[in-house]
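In the text below, chain A, chain B and the rest are named by the order of the sequence lines, each starting its count at 1. All figures in this text were calculated on a predicted structure; none of them were measured in a lab.
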Protein chains: 2
Amino acid sequence: MVRVTITQVAAHAGVSVASASRALNGRVASAKTVAKVQHAAQELGYVADAAAQSLKRGRTNQLAYAVADIGNPVHVEMMTEIERVVSASGYRLVMSSMGTSSSSVDVVRELGRGYVDGMILSPQRVTDELLEVLAKTPVPVVVLGRLPAGAGLDTVPADSFTAMHLVVEHLVAEGRADIAFVNGPADTTPGAFGHDGFAAAAAAAHPALTVRSLEAENFTITAGYAAARRVLHEDRRPDAIVAANDLIGIGALRAAEDLGLAIPEDLTVTGVDNTELADVIRPGLTSVDLGARERGRLAAELLLARITEPERAVHTAAVPPALVVRGSSRAHTSNPAHAFDHNNGRAG
Amino acid sequence: MVRVTITQVAAHAGVSVASASRALNGRVASAKTVAKVQHAAQELGYVADAAAQSLKRGRTNQLAYAVADIGNPVHVEMMTEIERVVSASGYRLVMSSMGTSSSSVDVVRELGRGYVDGMILSPQRVTDELLEVLAKTPVPVVVLGRLPAGAGLDTVPADSFTAMHLVVEHLVAEGRADIAFVNGPADTTPGAFGHDGFAAAAAAAHPALTVRSLEAENFTITAGYAAARRVLHEDRRPDAIVAANDLIGIGALRAAEDLGLAIPEDLTVTGVDNTELADVIRPGLTSVDLGARERGRLAAELLLARITEPERAVHTAAVPPALVVRGSSRAHTSNPAHAFDHNNGRAG
DNA sequence: GTGAAAGCGCTAACAA
DNA sequence: TTGTTAGCGCTTTCAC
């Protein structure tokens, strides 16, 4: 229970602390010294103090994945992939949630104080204050999401425009004419880009399309349920609901069900993220895969590259979205919805 | 991008580093000094280095929640609650995953090196090696789950026995006679206790009950699907599947669906954890609520208490499980399954 | 109320 | 190969 220091190990082994340090870290040392020191360390249960080591070395060997919307399962996918990549380079990964008990700004500032050597961020809202903190954070940062041009940070944005194009084209192809876009809060980054993407896609696809937008209170199932219920009660009921993410989409599915609507006959519902949830819900939720795993991998690689070479040019990595059609819309393409798709809608 | 130290702040303010430190930390200092130092710190964008501060103070103000089965949404619930409690006491919480890229033992050892002042663990497997590391970890540990007697650690076990009793009694009451228990891997802690709990409950409820057990490869939907499919193909098909957690249960639901079974007429399925998933799936999954939020809260409180008072007696906090009946079983109790229950099956 | 100095535990120069 | 020494950035005695 009590901490043992390298000084005690050195004393126990009968060598200097310098020799102990060298022996422990695999630097030059005689075989005899190494044996003695390792034996002493083992016996005493020595583990190097992280704070002292970090202070001296100037790095922690730790990276952080900071995520605002921790309830969204897509972040687990990303985290798993990020961890795979960074642990191969000898880093440990910790996950921090932003926004529940502390603001993104606080979390970034805290982590930047020297807890980690770098971080990957999935922010909900990109405020000027956040950008400012990001700019002066002493450790490398990669943002999973879109940033204002000129932010000077490595980013792996989601391609909302293409995503929304895919969805709208799909809906038009199956004959939908009155589409409701159920967004998350518009003042969030995914919210804003989702909206713009949807508006552009709708205008491009078919100028005569009837569209409306509304906001769910947040990106959750419950909020999606409430928002969908509202729009489905309007005089002119839409024949398609485009949800800003899968959770909202699932809420919409439940709302439609409660109102006795047949899906996809009366109403099509689509989501975004292509999470396992979309695959497991009934009817299956047609969803755009934004490439979570791939984007997680890219973010991790960008971060590692910047740690290695801090002055390299700013990079932006793009991943093409892909529509995965399931039972919540009509399967009129060559992409069939499987009864239970173990590959989560992606080719194995 | 470059780190600014307290020395620079002191110089910029025209005071000694000692005065700068005092001013920054609210110790005795004249109003004039405080003003000068704060201004300098602001201007230079100073933030205290975490490693140096931790080394000097002997604590990090950081706690960790280390979880093996990160794909299980129940851990997000726990984490949210843990964070709420510890942040109220001024701690930051980080989440670490164990087992994907590194073993539990490694994670505990690493975190115990001084990265955090304490940790809460949700281990998948409790090996002797893990117990050994836990015993000599220099920071307080609370385990969310059951430990061998005499481990000498604060724990918040799940009451699997009562949970399984509730399930079995429910199944017997609705007339089921042939129950298959679909466990996760038996060499995991939840697996072992789930099995024992089920066996005891089955024996107690009705000695003549036909029961069988099988193992899913892990605690996931996909593994649950595969395992359920296996048992449903056996000559004598069970009329109830008791899944060790909700994910396995959902997999079982899908398997039954693929085989054309009517639920709950042909087959009852139950889960454990009462996650939001159980509520949102169709049919709704009857599930035992193990009190994730409450248990998270208790674990956090136990940890804070032990940090404050390291020598206090070892505590074990229990939370009574509660059965939440939904559409995957017959509603024969007074606890109705709602079409969409915003309270996630619990009273508001 | 303030500054000089010691030291947290560790690693890395530098000498020997 | 080894020991001595300095110092990472910070807080905290201890004199003044």
Between [N] atom [atom2] and [X] atom [atom1], what is the distance in whole Å?
| X | N | atom1 | atom2 | value |
| --- | --- | --- | --- | --- |
| A:Leu55 | C:dA12 | CG | P | 12 Å |
| A:Arg22 | D:dG3 | CZ | P | 8 Å |
| A:Arg27 | D:dT2 | CZ | P | 15 Å |
| B:Gln8 | D:dC8 | CD | C1' | 14 Å |
| A:Asn25 | C:dC10 | CG | C1' | 9 Å |
| B:Arg59 | D:dC10 | CZ | P | 16 Å |
| B:Asn61 | D:dT11 | CG | C1' | 14 Å |
| B:Arg57 | D:dT13 | CZ | C1' | 16 Å |

Describe the nucleic acid contact of [X] in one word from base, sugar-phosphate, nothing, applying a heavy-atom distance below 4.0 Å.
| X | result |
| --- | --- |
| A:Ala51 | nothing |
| A:Ala18 | base |
| A:Thr33 | sugar-phosphate |
| B:Ser21 | base |

Inset, instruction - Quickly, which of A:Ser97, A:Ser96, A:Ser122 forms a side-chain contact (heavy atoms from CB on, under 4.5 Å) with A:Tyr65? Name it, please. - result: A:Ser122
Inset, instruction - May I ask you to decide if B:Gln124's main-chain N or O and B:Thr189's side chain share a donor-acceptor pair within less than 3.5 Å? - result: yes
Inset, instruction - Look at the side chain of A:Ser54 and the backbone N and O of A:Ala50, then say whether any donor-acceptor pair between them is shorter than 3.5 Å. - result: yes
Looking at [X], I'd like to know whether one of its side-chain N or O atoms comes within less than 4.0 Å of OP1 or OP2 on [N].
| X | N | result |
| --- | --- | --- |
| A:Gln53 | C:dG9 | no |
| B:Ser30 | C:dT2 | yes |
| A:Thr5 | C:dC8 | no |
| B:Ser19 | C:dG3 | yes |

Inset, instruction - Name the closest nucleotide to the B:Asp49 side chain, picking from C:dT2, C:dG9, D:dC10. - result: D:dC10
Inset, instruction - Kindly point out which of D:dC8, D:dG3, D:dT11 is positioned nearest to the side chain of A:Lys56? - result: D:dC8
Inset, instruction - Output yes when A:Asp49 and B:Arg113 qualify as a salt bridge under the 4.0 Å nitrogen-oxygen rule, no when they do not. - result: no
Legend entry - Six-ring centre of B:Tyr91, B:Arg59 cation under 6.0 angstrom, axis tolerance 45°: no
Legend entry - First of A:Ala29 and A:Val17 reached from the 5' end of DNA chain D, by closest nucleotide: A:Ala29
